[in-house]
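A note on names: the letters A, B, ... follow the listed sequences, proteins ahead of strands, and every chain is numbered from 1.
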Number of protein chains: 2
Amino acid sequence: MKSAAEQVTRGRPREFDPEEALSAALQVFWEKGYEGASLAELTDAMGITKPSLYACFGNKESLFHKALDLYERDKLCYMRSALDAPTARGVAERLLRGTLDIQTAGNDPRACLGVISMVACTTQAESIKADVLSRQASSHQALIERFARAKAEGDLPASVEPMALARYLSAVMQGMGVQASGGATRAQLEQLVETTLAMWPSA
Amino acid sequence: MKSAAEQVTRGRPREFDPEEALSAALQVFWEKGYEGASLAELTDAMGITKPSLYACFGNKESLFHKALDLYERDKLCYMRSALDAPTARGVAERLLRGTLDIQTAGNDPRACLGVISMVACTTQAESIKADVLSRQASSHQALIERFARAKAEGDLPASVEPMALARYLSAVMQGMGVQASGGATRAQLEQLVETTLAMWPSA
DNA sequence: TGCATTATATACCGATGAGTATGAAATCCG
DNA sequence: CGGATTTCATACTCATCGGTATATAATGCA
């Protein structure tokens, strides 16, 4: 039995792997942002022509949404596992270190794709921003609930507001992305992680 | 005696105020970013035509640098005054609240222009990024020195590294900008400021 | 071997990007 | 008034943007 992805096709077979092409597109979007990535750059990196891109992925916006799916699947999986840490501090540490790893994965550090999209998208790209926001809203909610649980378990001081703490931690991670975009070294970002953890509230 | 700005001119007098036009351009750059702001939008907001813009401000890049000058002069003056606060915590508080005020000044919150430029500029705009980076390098250095003094004065724990603390505080402010770009309300950003201050190390 | 179908490659579309050439209008100096 | 000079308004250039029309090549099916 063939997988759904390899179902029998009737016409000329496609000469590229959509997964690979999408991964290449993701790299371009990540490096240049949604509006900063041109179709010429995208098709060049993907190794396909514009008609192939449109036939396979729709249009530029639809391609970006699919790339964002891939990004979450490949890069942001640490998010879910971070919530399994036994303590709130452990959650924060896993999130910070996971963010650090993602941002320093390539040749030169760069912000999370979500941060780039949120800050950089201006004009017509309002739906892009909305997509990013809705995606991060759910994980943000999960983080709030995790901190609420930690508070109930006596793992966080009673004075701490879970929502505020989640927002604060997100801000540090986003700021780390900004600094990565600004050319900060991995060592400097590590220092930022350590400083943040040093200030983490203890029960 | 006429000021240098109103020196006797020999040809047809200019029909707009360069300061006002630059201020209008700054608003556009702030809202759209350097690459996101088109000359059509700029000239429209400035109330002048393209040839007037080029005659008075050079080109788009030079206009941006001048707008950045104005931005620092008008908006970032709180930076210097923040360093005069008696304690390191007071410095942090003034910086955080000053950042908050700037980001929530307009109709809807938005990040600091520097953050936007740093994250969003991709292609040819490398010199824009370099300009922003060099500007913030000096103020960052001043912040480090202020924290070093605070440490020497026993105002900060001996375990704190001034450079790390400065980087951390910058990250929180930058993260605040990202959240502002993402549609956070002023109340939410205030909460972020309070949370950060609550975690500030005490001597 | 045709035929329907699907993907490819090339060339193209209108819109918009930054930047400019050109001629008219408004001032100062003589 | 008559240049000299500077600004203004319109129209333009060329490159690139996202997106597409068209024709050809490669497959499965009959």
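Contact annotation: A:Ser52 side-chain N/O to C:dA7 OP1/OP2 distance is not under 4.0 Å. Contact annotation: A:Arg14 side-chain N/O to C:dA7 OP1/OP2 distance is under 4.0 Å. Regarding contacts with the backbone of C:dG17, a side-chain N or O of B:Ser38 is found under 4.0 angstrom from either OP1 or OP2.
Taking CD of A:Gln191 as the start and CD of A:Glu194 as the end, the distance is 9.0 Å to the nearest 0.5 Å. Residue A:Leu68 holds its CG atom at 10.5 Å from CG of A:Leu22, rounded to the nearest 0.5 Å.
DNA chain C is contacted by both B:Gly58 and B:Pro13; B:Gly58 maps to the nucleotide lying nearer its 5′ end (nearest heavy atom per residue). Judged by closest nucleotide on DNA chain C, A:Ala55 is the one of A:Lys50 and A:Ala55 placed further toward the 5' end. Checking B:Thr49 against A:Gly11, the closest nucleotide of DNA chain D that is more toward the 5' end is the one next to B:Thr49.
When distances run from any side-chain atom of A:Pro51 to the nucleotides D:dG19, D:dT20, C:dT5, the shortest one goes to D:dT20. Considering only side-chain atoms of B:Arg10, the nucleotide from C:dT8, C:dG19, D:dT5 that sits closest is D:dT5.
Side-chain N/O atoms of A:Arg12 and base N/O atoms of D:dA25 include a donor-acceptor pair closer than 3.5 Å.
Rounded to whole Å, the distance from CE on A:Met46 to C1' on D:dG18 is 15 Å. Distance CD1 (A:Ile128) to P (D:dG18): 12 Å, rounded to an integer number of Å. Rounding to whole angstrom units, NZ of residue A:Lys32 and P of D:dC17 are separated by 10 Å. In this entry the distance linking NZ of B:Lys60 with P of C:dA18 reads 4 Å, nearest Å. Counting to the nearest Å, the C1' atom of C:dT20 and the OH atom of B:Tyr54 are 9 Å from each other. Following rounding to the nearest Å, A:Asp17 (CG) and C:dT8 (P) show an atom-to-atom distance of 12 Å. Taking atom CG of B:Leu63 as the reference point, atom P of C:dG19 lies 10 Å away to the nearest angstrom. Nucleotide C:dG19 holds its P atom 11 Å from the CG atom of B:Leu42, rounded to whole Å.
With ring centers used as reference points, B:Trp200 lies 6.0 Å or more from A:Tyr168.
The cationic atom of B:Lys60 (NZ for Lys, CZ for Arg) lies less than 6.0 Å from the six-membered ring centre of B:Tyr34 and within 45° of the ring axis.
Put simply, the side chain of A:Val91 reaches to within 4.5 Å of the side chain of A:Phe147, judged on heavy atoms.
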